[in-house]
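Before any comments, here is the structure.
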Amino acid sequence: MKLLIVESPAKARKIQSYLGAGWQVRACLGHVRDLPTKDDTLPDKYKDAPFAKLGIDVDNNYAPIYVARKDKAQTIRDLRDAAKSADAVYLAADPDREGESIAWHLSVLLGLGKDALRVTYQEITERAIRQAVAHPRTIDFNLVAAQETRRVLDRLAGYGVSPLLWKAVGGPQSAGRVQSAALMLLSQREQSRLSFVPSAFWRVGVTVKSQPAFKAQVTAIRGVALATAASFTASGQLKPGLNVTQLDQEKAAQLVEYLNRQQAVVSAVTLSPVVRRPPPPLTTSGLQQAANAKLKLGAAQVTKLAQTLYEQGLITYIRTDSPHLSDEAIGLAREAVATRFGPSALPKEGRQYATKNQNAQEAHEAIRPAGKFALPEQTGLSGDELALYRLVYERTLASQMRDAVGEKTAVTLTAGVVTLHASGVVLTEKGFTALYDDQDSSEEEQTLPKLQVGERFALKDAKAEEKKSSAPGRFTEGKFVQVMEKAGIGRPSTYGATLETLQKRNYVALRNRQLHVTPLGLLVASYLMKQVPQLVNAEFTAQMEGDLDKIASGQLSRVAYLDTIWKGTLHPAIHAAKLTAPRYALPQLNAVLEVRGGIAGLVVSGQGVALPDNVLPEDLTAQTVAALMSGTFTSPKAKSPTPKRTSGAVSSKKRTTTGPTATKKSSKRAVK
DNA sequence: CAGTGAGCGAGCTTCCGCTTGACTT
């Protein structure tokens, strides 16, 4: 009897069915050993070591203390028993950095030694599995070193910087390579919104009485362009060096009257082909984004639903960064498309998609229907589960369908001294959009008639409209998962957990499905930016990934790299960091955000007041600030009215606020 | 003398990434 150990139980069942008798396939459920946490009891030799809590002996080549994970005690016992009675043990954790590490930890726990048998495969088919077990290799210790470097760095950074926040901010705060970089991205967006000054401008549109009629916008007067949102800076000024006309209400009204008396002459018609490619098959971040946008589901809920679909064998593994489809999957998808839309809906060859993500590890396939591609209505699912399966199903099929093809028409018209523009798109071949449309349907483009240069039309219904430039929008959970992926922060298995941590710490809160940074979050981000800028820099992770690759290929030593980062950068910054409580000025309100004992407060002309739990920066206006200071403030809208759709991650722990005396009660450690 | 409350000081918090059930609310 041979024992094969994989990570996931679902995978184990599948592979067991391929290998059959003579093999026992078991799952280890991910990592089995880790650095100690405060709940772990250490081996006697480390009990009194000064680095026991940190779990890393920095002065001894950053040697980690590894302990068997408590939550895996039963799993480890089972695997040991199985290994004892096996003739050979094959370690088949996922083919990536973490998987190689898991294989090594297993080899230690099961006493398999340096020559333990390691196997990897890229897809789960009988042929691929048999091929893999026929050609085992040994563990790649450089790759294991790369993982250990990542783990050690994260512990050093997290346990090094978090205590600064305990002292400067108070309360159980936290910082880390991933959560703090994510908080910084959100905080920068919130700050640019806070400082944004909207600019008003007028736009004038008119209906052109052709057959059929269409709408055109005024773009210039006497050759000088009209101001648009893009003409203004974030501080509400016209961009320098820009020659534009800025209408006021009166001038806009004059223009409306002028246009209604004019005829327009077509002065230019530009036709250009439009080709839209289908979106790629789903990855974890793509699923989060699509389910959030189309089904209004929160990150935690998408994960939960997708996990149940995975466990029912309806879709493939849900934590992946690869859009790759196996040949078998492409065949099944093409078959399903042909059945539904006929063979003409398919391109000659199957489509394969490459990842755009530099940090992708590509240990798993894209998220797609598993097995025989059950039709959504045949799955027996209902509600959100059905909707999510349908999304996966349709995105997979769409990725194999033909491009949507059409033509874009752009028209310029002249009406006296006024220049007008109109454009329209006509799809001549619907392609994949017959099944899945990823364009926002609210931005539907109009259809223009065939027009000739020199044609003349009357105008009617001119309308002037005041518009305002708007600040960059906040992120939804789905959108932000994509931002994290693009920045290389976090992994498919942690995007959701990072969002939960930020909410649990009360740095970030969801309102109307948008991620807001809380006052506390602004203060923490501003403190970290000032004292430990290296940690909040999104580039930090990207560079780390490059260096980990060098360690994995043997070009860089683990100790040399950790010395550069820890002794050269992070440790000096932590050592020099000031422990003063952060402040955040709100100049428009003549107010300052401060923090005492982990609770954000507002100070106006020497008077301080603690902010209630659910007050967000967007709530802080002259009126609310006055109400807060006079004690007549009532909390903004209570919890979201549709709790089913919220992520479920929001901490509901009640804080007792200390009222208007919070500032007076300043503790000395927050000052010194 | 017992009960109360202000004031002080000690002890605590934390990271990221891989996987699911086994727990309680």
Side-chain angles (χ1 to χ4, degrees), chain A residues 5-13 26-39 53-56 64 69-76 78-79 93-106 146-182 284 303-304 306-308 310-311 317-321 359 361 363-364 484 489-498 500-502 504-505 524 535 540-541 544-545 548 566 570 574 597-598 648 652 665 667-669:
Chain A
I5 304 176
V6 299
E7 291 183 48
S8 142
K11 211 189 243 187
R13 282 193 294 274
R26 305 295 286 269
C28 69
L29 310 178
H31 277 293
V32 287
R33 293 204 307 170
D34 194 9
L35 300 175
T37 65
K38 67 179 174 61
D39 300 326
K53 223 173 168 183
L54 181 63
I56 298 161
R69 290 177 58 131
K70 272 190 173 165
D71 57 343
K72 299 291 164 59
Q74 187 59 48
T75 307
I76 293 168
D78 292 347
L79 290 175
D94 294 344
D96 57 16
R97 198 162 64 210
E98 300 292 328
E100 200 69 17
S101 168
I102 290 170
W104 172 67
H105 283 297
L106 282 170
Q147 190 278 343
E148 187 172 274
T149 307
R150 199 276 306 155
R151 183 68 190 92
V152 165
L153 172 55
D154 283 336
R155 171 58 69 90
L156 287 172
Y159 277 34
V161 175
S162 296
L164 298 178
L165 291 174
W166 303 345
K167 289 167 195 149
V169 174
Q173 314 299 337
S174 65
R177 172 179 60 84
V178 169
Q179 62 167 287
S180 298
T284 302
T303 304
K304 205 172 154 191
Q307 180 72 27
T308 65
Y310 168 66
E311 283 165 12
Y317 193 58
I318 63 166
R319 287 175 272 267
T320 176
D321 52 20
N359 299 327
Q361 309 242 336
H364 305 277
M484 283 196 278
I489 306 172
R491 302 278 313 138
S493 64
T494 62
Y495 297 137
T498 302
E500 280 187 31
T501 300
L502 290 172
K504 203 167 81 192
R505 300 265 178 269
V524 166
L535 188 74
F540 182 77
T541 290
M544 179 195 79
E545 288 290 341
L548 293 185
W566 180 244
L570 280 177
I574 292 168
S652 57
K665 251 182 76 173
S667 68
K668 57 193 165 204
R669 57 184 184 160

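Residue numbers start from 1 in every chain, and the chains themselves are labelled A, B, ... in the order their sequence lines are given, proteins ahead of strands.
- With rounding to whole Å, Arg13(A) atom CZ is found 13 Å from dT19(B) atom C1'.
- Sequence order on DNA chain B of the closest nucleotides to Gln307(A) and Pro36(A) puts Pro36(A) first from the 5' end.
- Closest approach to the Asp154(A) side chain among dT14(B), dC18(B), dC16(B) is made by dC16(B) (side chain taken as heavy atoms from C-beta onward).
- Summarising the geometry, the separation between OH on Tyr310(A) and P on dC18(B) is reported as 14 Å, rounded to the nearest angstrom.
- Distance, Tyr159(A) OH to dT13(B) C1': 10 Å, rounded to whole Å.
- The side chain of Arg150(A) sits closest to dG17(B) out of dG21(B), dG17(B), dT14(B).
- Taking the six-membered ring where tryptophan is involved, the planes of His31(A) and His105(A) are perpendicular, since the angle between them exceeds 60° and thus also 30°.
- Here Gly176(A) lies in heavy-atom contact (under 4.0 Å) with sugar-phosphate atoms only.
- Judged by distance alone, the side chain of Asp321(A) and the main-chain N or O of Gln361(A) form a donor-acceptor pair under 3.5 Å.
- Rounding to whole angstrom units, CD1 of residue Ile489(A) and P of dG17(B) are separated by 10 Å.
- Partners of Arg26(A) according to the side chain to side chain donor-acceptor pair (under 3.5 Å) rule, which considers only residues two or more places apart in sequence or in another chain, do not exist here.
- Residue contacts for Thr494(A): at a heavy-atom cut-off of 4.0 Å it reaches a base atom on one of the strands shown.
- At the phosphate of dG17(B), neither OP1 nor OP2 sits under 4.0 Å from any side-chain N or O atom of Tyr495(A).
- Contacts of Gly490(A) with the nucleic acid, taken as non-hydrogen atoms under 4.0 Å apart, involve only primed sugar atoms and P, OP1 or OP2.
- Between the Ser180(A) side chain and the Ala175(A) main chain, no donor and acceptor come within less than 3.5 Å of each other.
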Review point. With Watson-Crick and G-U wobble geometry limited to distances under 3.5 Å, how should the secondary structure of DNA chain B be encoded in dot-bracket form, using | for bases paired to another strand and [ ] for crossing pairs?
Key: .........................

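- Closest to the side chain of Asp34(A), from the set dC18(B), dT14(B), dC16(B), is dC16(B).
- Taking every side-chain heavy atom of Ser162(A) into account, dC15(B) is the closest of dT13(B), dT19(B), dC15(B).
- Although no hydrogens or angles enter the test, the distance criterion places no donor-acceptor pair under 3.5 Å between the side chain of Trp566(A) and the main chain of Leu153(A).
- Annotation: of the two residues near DNA chain B, Leu156(A) and Tyr317(A), the 5′-most nearest-nucleotide partner is Leu156(A).
- Note: CG (Asp96(A)) to P (dT19(B)) measures 8 Å, nearest angstrom.
- The shortest side-chain heavy-atom distance between Arg151(A) and Pro64(A) does not fall under the 4.5 Å cut-off.
- No contact: Thr75(A) has no heavy atom under 4.0 Å from any strand.
- Contact annotation for Asp71(A): no contact, since no heavy-atom pair falls under 4.0 Å across all strands.
- For Thr284(A) (side chain) and Ile318(A) (main-chain N/O), a donor-acceptor pair under 3.5 Å exists by modelled atom type.
- Atom CZ in Arg155(A) sits about 12 Å away from atom P in dT13(B), given to the nearest Å.
- The side chain of Lys38(A) places an N or O atom within less than 4.0 Å of a non-bridging phosphate oxygen (OP1 or OP2) of dT13(B).
- Here His364(A) lies in heavy-atom contact (under 4.0 Å) with sugar-phosphate atoms only.
- Counting only distance, with no hydrogens or angles, the side chain of Arg155(A) and the backbone of Leu54(A) share a donor-acceptor pair below 3.5 Å.
- Side-chain nitrogen and oxygen atoms of Arg505(A) include at least one within less than 4.0 Å of the OP1 or OP2 phosphate oxygen of dC15(B).
- For Arg177(A) against dC16(B), a side-chain-to-base donor-acceptor contact under 3.5 Å is absent.
- The base of dC18(B) has none of its N or O atoms less than 3.5 Å from a complementary donor or acceptor on the side chain of Arg491(A).
- For the side chain to side chain contact (heavy atoms under 4.5 Å, CB included) with Gln179(A), the qualifying choice from Thr501(A), Leu535(A), Ile489(A) is Thr501(A), the only one to do so.
- Counting any heavy atom pair closer than 4.0 Å across all strands shown, Ala175(A) reaches sugar-phosphate atoms only and no base atom.
- Taking only side-chain nitrogens and oxygens, Gln173(A) never comes nearer than 4.0 Å to OP1 or OP2 of dT13(B).
- When heavy atoms are screened at a 4.0 angstrom cut-off, Gln147(A) is found touching no nucleic acid atom at all.
- An OP1 or OP2 oxygen of dC18(B) is reached within less than 4.0 angstrom by a side-chain nitrogen or oxygen of Ser493(A).
- Across the protein-nucleic acid pair, Arg319(A) atom CZ and dC18(B) atom P stand 9 Å apart, rounded to whole Å.
- For Arg69(A) and dT19(B), the CZ to C1' distance is 8 Å, given to the nearest whole Å.
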